[in-house]
Amino acid sequence: MPDNNVGMTSGKRVAIIGGGLAGCECALALAKAGVCVRLFEMRPEKSSPAHTGADLAELVCSNSLRSEELTTAIGILKMEMRELDSLVMQAADATRIPAGKALAVDRAGFARFITKLVEAEPNIEVVRQEVQSLDAPELVGFDAIVVAAGPLASDALAASLALATTIEGGQRLYFYDAIAPIISRDSVNLDIAFWGSRYRPEEDDYLNCPMTEAQYDAFLEALMAAEKVAPHDFEKEIHFEGCLPVEEMAERGRLTLCFGPLKPVGLPNPRTGEEAFAVVQLRAENAEKTAFNLVGFQTKLKYPEQERVFRMIPGLENAEFLRLGSIHRNTFVDAPAVLNDELALKSRPGVHLAGQITGVEGYLESAACGLWVGLLLAAKLSTGASLTPPPNITALGALLGHLRATPSKRFQPSNAHFGLMPELNRRAGKKIRKELYGQRAREAFGAWLAERNGQ
């Protein structure tokens, strides 16, 4: 049995499984409170189907953290996380790159920033080792355990978690998530593609590839006919609605993509002054703008098919693919049924879950969940105090409320959105309604934070 005292200081001790956004956020929140943390990360000794490097908090899908506007729930969540001294928001602000109204980051710089900060924290010991079971000897002797293994938990750990969440036949749920391709900027035909953000033609945050109706229809036909990666026989295919593969969206109707990721509104071609029938947007992946992500093109097409079909997009005829899209399993639990109010397993109260494995969806939502579990455990272990969550009219409170909702037959992962919050109970136009949701959330969070800090 390993010596769990090596490299640790005295006081309360927590083991965290998983060095992703949620695990790192949780670890730093605990460490700041004087709680000693041992953070287990299996990479690089063992990798997942989607990760490519060894840094902590690697972003495996988009490099966008979405809208900064305070008329969106995700914008409000960013504000709340900054107020709580979020590690992820600190890293995002330090490594951000232009992306219009969105907050996007330099993918590699973001992971390096977090890795350096976490490894330099004296109350955190990073152990590069796979934990295969909730009963592993590496976890003996800790005051609490946090499973933040993310949606790509190893098969062994997922099996152990499945046993711990078995209720009337089992509560292990899963769905498929898809990753969009990345291409080299130098391979984009700038005689066809043009720079500009939606409604902001003067900006150069995005490259835009316009399509005529005939080009769109030909692309759509090829996309739907292309060969796709098939799921294993023993797995049922379930996709999260907020991150559907582009080919699945295409199958929902001829114009579905035109009203989704290929929406041309607000993107007039500067060469003609007119909007195209459809527009494919490319978003910068790094500060140097040498690599671009195909926005909304999460895909389960086979690799050769991706190259063939996506090169039909005007301007991408000679596209050099730096990373092709892929499909991978996402694992999460039926949170309302198997977790208590502290996001601990009802069957094992000393084992808490954090991040996407709880049923939140998205980078920031996962990080916010990890931050919350860290703050909650820090208060409990340091002072014995309980931490009341923010009210459900805040972004964080609404997200946590989603995990504590009445158990249903089909619990689904969710991003942060105003639909998770109680209604305003007043009539207002769409734009004003969003402003009112945002204002109400900011006021409520400020009051909660002041009470929490004893101000």
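If you're wondering where the values come from, they're calculated on a predicted model, not measured in any experiment.
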field: Short side-chain donor-acceptor distance under 3.5 Å, T394 and R442
entry: no

- prompt: Which atom pair, heavy atoms only, marks the closest approach of L316 to F310?
  reply: CB-O, 3.8 Å

message: If we count only N and O atoms by modelled type, under 3.5 Å, do the side chains of E285 and N293 hold a donor and an acceptor together?
response: yes

- request: Please confirm whether the backbone N or O of A398 pairs with a side-chain atom of N392, one donor and one acceptor, at under 3.5 Å?
  value: no

query: Can you tell me if T299 and Q306 form a side-chain donor-acceptor pair at under 3.5 Å?
result: no

A162 backbone acceptor or donor facing T166 side chain under 3.5 Å: yes

- prompt: Are the side chain of R404 and the backbone N or O of L339 linked by a donor-acceptor pair below 3.5 Å?
  reply: yes

field: Which residues share a side-chain contact (heavy atoms from CB on, under 4.5 Å) with A108, sequence neighbours left out
entry: D106, R112

field: Exam field: side chain W448 to backbone T388, donor-acceptor pair closer than 3.5 Å
entry: yes

query: Do the side-chain N and O atoms of T212 and Q215 include a donor-acceptor pair separated by under 3.5 angstrom?
result: yes

message: What I want to find out is whether E423 reaches R440 closely enough, with some N-O distance under 4.0 Å, to be called a salt bridge.
response: no

Listed partners of K116 passing side-chain contact (heavy atoms from CB on, under 4.5 Å), at least two apart: none

query: Any sub-3.5 Å donor-acceptor pair from S86's side-chain atoms to R82's backbone N or O?
result: no

message: Less than 3.5 Å apart, any donor N or O on the side chain of Q439 or E443 sitting next to an acceptor on the other?
response: yes

query: Taking the inter-plane angle between the rings of Y437 and F418 on a 0 to 90° scale, is it parallel (under 30°), tilted (30 to 60°) or perpendicular (over 60°)?
result: parallel

field: Polar side chain donor-acceptor pair, R198 to Q281, under 3.5 angstrom
entry: yes

task: Ignoring hydrogens and angles, tell me if any N or O in the side chain of T165 forms a donor-acceptor pair with the backbone of V338 under 3.5 Å.
output: no

Donor-acceptor under 3.5 Å (R185 side chain, K289 main chain): yes

message: Regarding D205 and R200, does a basic nitrogen lie under 4.0 Å from an acidic carboxylate oxygen?
response: no

query: Looking only at atom types and distance, does a side-chain atom of E41 sit under 3.5 Å from a main-chain N or O of R43, one as donor and one as acceptor?
result: yes

- prompt: Knowing that exactly one of L400, I393, L399 qualifies, which makes a side chain to side chain contact (heavy atoms under 4.5 Å, CB included) with L420?
  reply: L399

